Trainee: 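Dropping the structure in here first, questions after.
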Amino acid sequence: MLFAYPKSKVPAIASVALAALLAGCSSTDVDPTAGWSPNKIYSEARDEASSGSFDKAIPLYEKLEGRAAGTAMAQQAQLEKAYSQYKSGEKAQAIATLDRFVKLHPASEGVDYALYLKGLVNFNENLGLFSWVSKQDLSERDQKAAKDSFESFRELTTRFPESKYTPDAEKRMRYIVNSLAQYEVHVARYYYERGAYVAAINRAQSAIADYKEVPAQEDALYILMLSYERLNMADMAADTKRVLEASYPNTGLLANGFRKEDRPWWKMW
């Protein structure tokens, strides 16, 4: 998904010259793009990106940044380089490129896309973060990528409510909030099942306090009630049960216990 920029009409370069540029193993310091126009570099970079060769597109976009410095094409090169870095798995580099773009070009028409792409980079990290494939202790997992993604999307939707990227960003923000709340619930359950009831109470309370009107609140209340019961805090357990029944009159947790997960909970997108 690229920020639109008019395609240049230039002939394709001979493949042998392009290969020499991108191989990175030339015995000389001669730059094969030395005689190329900015349009020619841009066309070749787009061709590489379109074919999925994002690693080959990146150095061409970098050449274009310098060759077309101070122009709209240089800004476009930065954005498309960031996208290519993202698709190549160079996520830290993509974020650095996008941060630099926003700092250098705060009035650019491409700022909304830069914010969207930054959110998307961290959003995909978020999906990996919440995978149940790993056996890592839940209490050790980092939520920074998810929160960074949310902040980028929030800035986009706040500054550019009419942007074409805003509707999708809003959907992803809702997903992130649900994911973070559910994450807290899973950590709370992790502690509960290991007998760490005070820790379970703390995490369940965090989910309830920090994430309003999300599906995970039902589970958080249930874990909170169970933990109070285990600690013989009968009044607190009864109060929590009343809140659970009032908030979720059709809850099946009280009768059936923890819900069975037929698929990873994070596969909501």
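The basis for the numbers below is simple: all heavy atoms, side chains too, and nothing from hydrogens, waters or symmetry mates. These figures come from a predicted structure and were not determined experimentally.
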Trainee: For the pair Phe54 and Tyr83, name the ring-plane relationship: parallel under 30°, tilted 30 to 60°, perpendicular over 60°.
Mentor: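 The rings of Phe54 and Tyr83 stand perpendicular, inter-plane angle above 60°.
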
Trainee: So, using salt bridge (charged side-chain N to carboxylate O under 4.0 Å, His left out) as the criterion, who are the partners of Asp210 when residues are at least two apart?
Mentor: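 Listed in chain order: nothing, the list is empty.
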
Trainee: Give a yes or no on whether the backbone of Asn202 and the side-chain of Ser206 come within a donor-acceptor separation of less than 3.5 Å.
Mentor: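 The answer is yes, because a donor-acceptor pair under 3.5 Å joins these two groups.
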
Trainee: Do the side chains of Phe150 and Phe123 get nearer than 4.5 Å, heavy atoms only?
Mentor: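 A side-chain contact under 4.5 Å is absent here.
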
Trainee: Can you tell me how far the CD1 atom of Ile176 sits from the CD atom of Glu151, to the nearest 0.5 Å?
Mentor: 9.5 Å

Trainee: With a 3.5 Å distance limit and no angle check, can you tell me whether Ser88 reaches the backbone of Glu90 through a side-chain donor-acceptor pair?
Mentor: no

Trainee: Backbone N or O of Ala199 within a donor-acceptor pair of the Arg203 side chain at under 3.5 Å?
Mentor: no

Trainee: Please check: side-chain N/O of Ser247 versus main-chain N/O of Leu244, any donor-acceptor pairing under 3.5 Å?
Mentor: no

Trainee: Out of curiosity, Ser43 OG to Glu48 CD, how far, rounded to the nearest 0.5 Å?
Mentor: 10.5 Å

Trainee: Which pair of heavy atoms, one from Ala188 and one from Ala204, lies closest together, and at what distance?
Mentor: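 Minimum heavy-atom separation between Ala188 and Ala204: CB-N, 3.8 Å.
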
Trainee: Are Leu180 and Leu224 connected in a single hydrophobic cluster, I mean Ile/Leu/Val/Met/Phe/Trp/Tyr linked by side-chain heavy atoms less than 4.5 Å apart?
Mentor: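 Not linked; separate clusters.
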
Trainee: Would you list the atom pairs, donor with acceptor, under 3.5 Å between side chains in residues 225-240 and any protein atom, with sequence neighbours excluded?
Mentor:
residue : atom : partner : partner atom : Å
Ser227  : OG   : Ile223  : O            : 2.9
Tyr228  : OH   : Gln205  : NE2          : 3.1
Arg230  : NE   : Tyr192  : OH           : 3.3
Asp239  : OD1  : Arg242  : NH2          : 2.1
Thr240  : OG1  : Met236  : O            : 2.8

Trainee: Would you please classify the geometry between the His105 ring and the Phe101 ring as parallel, tilted or perpendicular, with 30° and 60° separating the classes?
Mentor: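 Tilted, since the angle between the ring planes falls between 30° and 60°.
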
Trainee: Is the closest side-chain heavy-atom distance between Lys147 and Asn122 below 4.5 Å?
Mentor: no

Trainee: Using every non-hydrogen atom in the two residues, find where Ala57 and Ser84 come nearest and quote the distance to one decimal.
Mentor: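 Smallest interatomic distance, heavy atoms only, reads CB-OG, 4.0 Å.
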
Trainee: If you measure from CZ on Arg189 to CG on Asp219, what distance do you get to the nearest 0.5 Å?
Mentor: 8.5 Å

Trainee: Considering non-hydrogen atoms only, spot the tightest contact between Ala220 and Ile208 and give its length.
Mentor: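 Closest heavy-atom pair between Ala220 and Ile208: CB-CG1, 3.7 Å.
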
Trainee: Is it the case that one hydrophobic cluster holds both Val121 and Tyr113, taking links as side-chain heavy atoms less than 4.5 Å apart, direct or via other members?
Mentor: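 Val121 clusters together with Tyr113.
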
Trainee: Ser37 side chain to Lys40 main-chain N or O, any donor-acceptor pair under 3.5 Å?
Mentor: yes

Trainee: Answer with yes or no whether the side chains of Ser108 and Gln75 bring together a donor and an acceptor at under 3.5 Å.
Mentor: yes

Trainee: Taking the side chain as everything from C-beta on, heavy atoms only, tell me whether Lys63 gets closer than 4.5 Å to Trp36.
Mentor: no

Trainee: Checking side-chain contact (heavy atoms from CB on, under 4.5 Å) between Leu117 and each of Thr97, Ile95, Leu98, Leu156, which is the one that passes?
Mentor: Leu98

Trainee: Once rounded to the nearest 0.5 Å, what's the spacing between atom CG of Leu60 and atom OG1 of Thr33?
Mentor: 7.5 Å

Trainee: Going by distance alone, is a donor N or O of one side chain under 3.5 Å from an acceptor N or O of the other, for Tyr248 and Gln217?
Mentor: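 Distance-only check fails for Tyr248 and Gln217.
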
Trainee: Does the distance from a Lys or Arg side-chain N to an Asp or Glu carboxylate O, for Arg100 and Glu65, drop under 4.0 Å?
Mentor: yes

Trainee: Roughly how far, to the nearest 0.5 Å, is the OG1 atom of Thr157 from the OH atom of Tyr165?
Mentor: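 OG1 of Thr157 is found 15.5 Å from OH of Tyr165.
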
Trainee: Ala94 and Ala82: which non-hydrogen atoms are nearest, and at how many Å?
Mentor: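 In this case the closest contact between Ala94 and Ala82 is CB-O, 3.4 Å.
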
Trainee: How close do Ala45 and Tyr61 get, heavy atom to heavy atom, and via which atoms?
Mentor: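 Reported closest heavy-atom pair: CB-CE2, 3.4 Å.
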
Trainee: Give a yes or no on whether the backbone of Glu162 and the side-chain of Thr166 come within a donor-acceptor separation of less than 3.5 Å.
Mentor: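 Such a contact is absent between Thr166 side chain and Glu162 backbone.
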
Trainee: For residues Tyr116 and Val111: do they belong to one hydrophobic cluster (side chain heavy atoms under 4.5 Å, members Ile, Leu, Val, Met, Phe, Trp, Tyr)?
Mentor: yes

Trainee: Honestly curious: do Met173 and Tyr175 fall in one hydrophobic cluster under the side-chain, below-4.5 Å linking rule?
Mentor: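 Met173 clusters together with Tyr175.
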
Trainee: Please tell me whether Tyr197 and Leu221 are part of a single hydrophobic cluster in this structure, the criterion being side-chain heavy atoms less than 4.5 Å apart.
Mentor: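 Yes, Tyr197 connects to Leu221 through the hydrophobic network.
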
Trainee: What distance separates Leu120 CG from Leu115 CG, expressed to the nearest 0.5 Å?
Mentor: 12.5 Å

Trainee: Any side-chain heavy atom of Arg67 within less than 4.5 Å of one from Met73?
Mentor: no

Trainee: Taking the inter-plane angle between the rings of Phe258 and Tyr222 on a 0 to 90° scale, is it parallel (under 30°), tilted (30 to 60°) or perpendicular (over 60°)?
Mentor: perpendicular

Trainee: I'd like to check the salt bridge (charged side-chain N to carboxylate O under 4.0 Å, His left out) partners of Glu155; sequence neighbours left out, ordered by chain and number.
Mentor: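 So Glu155 forms a salt bridge (charged side-chain N to carboxylate O under 4.0 Å, His left out) with Arg159.
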
